[in-house]
Amino acid sequence: MAPPQIAEKQVQDLRIHLGWAALAWVESGLYLIDTTRGISFFSLKTLGFFLIGTVPVGLVLGNAAYIVHKGICRLFPIRSERSAAVFASTVGLCLFAVNGVICYLAARWVISRLVV
């Protein structure tokens, strides 16, 4: 079992990944709804897009990013604490960018197929 500090850090990292995926979904949805003709912010489909879509996307993509992040950091063990922290932060930032793109593409697909 991991020491309490490490367990707390893992929970914090998971929450960050979950929150980022949900935020990327909402931001992508707002952008796509604003730029797509024939769709209104004030409709039941739009409400469903945000209420029904945000939690599953956050859970699925957030957990996937967290698992990939942990896997990459374990795949390349680094002895120095400072180097390991820099490496983990860099991997995390890259995963945030990839996760944002995936959320945008998923939101675009949902809006083009289900909402319009």
Side-chain angles (χ1 to χ4, degrees):
M1 183 155 194
Q5 298 87 0
I6 294 175
E8 289 174 13
K9 177 72 170 119
Q10 290 174 345
V11 170
Q12 181 185 12
D13 289 346
L14 178 60
R15 286 183 180 161
I16 289 170
H17 283 287
L18 294 174
W20 172 254
L23 180 66
W25 176 261
V26 170
E27 289 175 347
S28 297
L30 289 173
Y31 171 75
L32 289 166
I33 290 168
D34 186 44
T35 58
T36 303
R37 290 182 183 253
I39 190 168
S40 170
F41 280 108
F42 306 107
S43 70
L44 289 177
K45 291 180 180 181
T46 305
L47 183 65
F49 172 84
F50 289 113
L51 291 181
I52 297 170
T54 302
V55 173
V57 166
L59 288 174
V60 171
L61 294 178
N63 277 319
Y66 174 72
I67 290 168
V68 169
H69 190 196
K70 282 188 68 162
I72 289 173
C73 289
R74 286 184 181 169
L75 188 62
F76 300 104
I78 298 174
R79 301 261 186 246
S80 167
E81 267 188 49
R82 182 182 165 129
S83 297
V86 169
F87 179 73
S89 297
T90 304
V91 169
L93 289 174
C94 291
L95 285 173
F96 285 155
V98 169
N99 205 352
V101 170
I102 291 171
C103 283
Y104 172 79
L105 294 174
R108 188 175 73 177
W109 182 84
V110 168
I111 286 178
S112 69
R113 300 279 192 268
L114 303 177
V115 177
V116 173

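The shown structure was predicted, so the numbers you read here are calculated from the model rather than taken from an experiment. Residue indices begin at 1 and follow the sequence shown.
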Would you say Leu47 and Ile52 make side-chain contact, with heavy atoms under 4.5 Å?
no
Mind checking whether Ile16 and Phe96 have side chains closer than 4.5 Å, heavy atoms only?
yes
Say whether [X] and [Y] are linked into one hydrophobic cluster, either directly or through other cluster members, by side-chain heavy-atom distances under 4.5 angstrom.
{"X": "Leu61", "Y": "Val55", "result": "no"}
{"X": "Trp109", "Y": "Phe49", "result": "yes"}
{"X": "Trp20", "Y": "Leu59", "result": "no"}
{"X": "Val101", "Y": "Tyr31", "result": "yes"}
{"X": "Leu105", "Y": "Leu32", "result": "yes"}

State which residue, out of Arg15, Lys9, His17, fulfils the side-chain hydrogen bond (donor to acceptor under 3.5 Å, both in side chains) condition with Asp13.
Lys9
Over 12 foreign heavy atoms within 6.0 Å of CG, Leu75:
yes
Calculate, to the nearest 0.5 Å, the distance between atoms [atom1] and [atom2] belonging to [X] and [Y] respectively.
{"X": "His69", "Y": "Ser89", "atom1": "NE2", "atom2": "OG", "value": "7.0 Å"}
{"X": "Thr36", "Y": "Arg108", "atom1": "OG1", "atom2": "CZ", "value": "10.0 Å"}
{"X": "Ile111", "Y": "Thr35", "atom1": "CD1", "atom2": "OG1", "value": "8.0 Å"}
{"X": "Ile102", "Y": "Leu95", "atom1": "CD1", "atom2": "CG", "value": "9.0 Å"}
{"X": "Leu14", "Y": "Lys70", "atom1": "CG", "atom2": "NZ", "value": "9.5 Å"}

Over all heavy atoms of both residues, which pair between [X] and [Y] is shortest? Give the atoms and the distance, please.
{"X": "Ala107", "Y": "Ser28", "answer": "CB-CB, 3.9 Å"}
{"X": "Ala21", "Y": "Gly62", "answer": "CB-N, 3.7 Å"}
{"X": "Val57", "Y": "Cys103", "answer": "CG1-SG, 4.0 Å"}
{"X": "Ile39", "Y": "Thr46", "answer": "CG1-OG1, 4.1 Å"}
{"X": "Gln10", "Y": "Tyr66", "answer": "CB-OH, 3.4 Å"}
{"X": "Ser40", "Y": "Ser43", "answer": "O-OG, 3.5 Å"}

Has Asp34 got a side-chain atom pairing as donor or acceptor with Leu30's backbone, closer than 3.5 angstrom?
no
Would a distance-only check, ignoring hydrogens and angles, find a side-chain to backbone donor-acceptor pair under 3.5 Å from Thr54 to Ala22?
no
May I have the step-by-step check of side-chain contact (heavy atoms from CB on, under 4.5 Å) for Val110 and Trp25, ending in yes or no?
CA-CA 11 Å; Val110 168; Trp25 176 261; 3.9 Å; yes
Using ring-ring contact (aromatic ring centres under 6.0 Å, His included) as the criterion, list what pairs up with Tyr104, not counting sequence neighbours.
none
